[in-house]
Amino acid sequence: MPGPVKAMALTTVACLVAVVAYTVALGSNGWLWFGWVVLGLSTAGAAAIRVPR
């Protein structure tokens with residue numbers, strides 16, 4: 001996995017932790033979960049693409 005994709009995956013996991021912490025502390029927010037799903041799908045797409053060298 002290339003460096004930028006690793007950074008994106010790390011950001012996705014960090015955002016998941018933040019969204020879960022927010023949900024536990026203040027209650028669910030649909031827009032936060034929607035944003036995380038979009039970020040997760042973008043990360044999965046970036047990881048699936050093979051860039052020719």
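One hydrophobic cluster, built from ILVMFWY side chains closer than 4.5 Å, cannot hold both Leu16 and Phe34; they sit in different ones. The cluster map of Ile, Leu, Val, Met, Phe, Trp and Tyr, joined by side-chain heavy atoms under 4.5 Å apart, puts Val37 and Val19 in the same cluster. Placement of Ile49 and Val38 in two distinct hydrophobic clusters is found when ILVMFWY residues are connected by side-chain heavy-atom separations under 4.5 Å, directly or transitively.
Using a 4.5 Å heavy-atom cutoff, the side chains of Val20 and Trp33 are in contact.
The one candidate from Leu41, Val17, Leu39 that meets the side chain to side chain contact (heavy atoms under 4.5 Å, CB included) condition with Thr12 is Leu39.
Leu32 CG to Tyr22 OH: the interatomic distance, rounded to the nearest 0.5 Å, is 6.0 Å.
With sequence neighbours excluded, the residues that form a side chain to side chain contact (heavy atoms under 4.5 Å, CB included) with Thr11 are Cys15.
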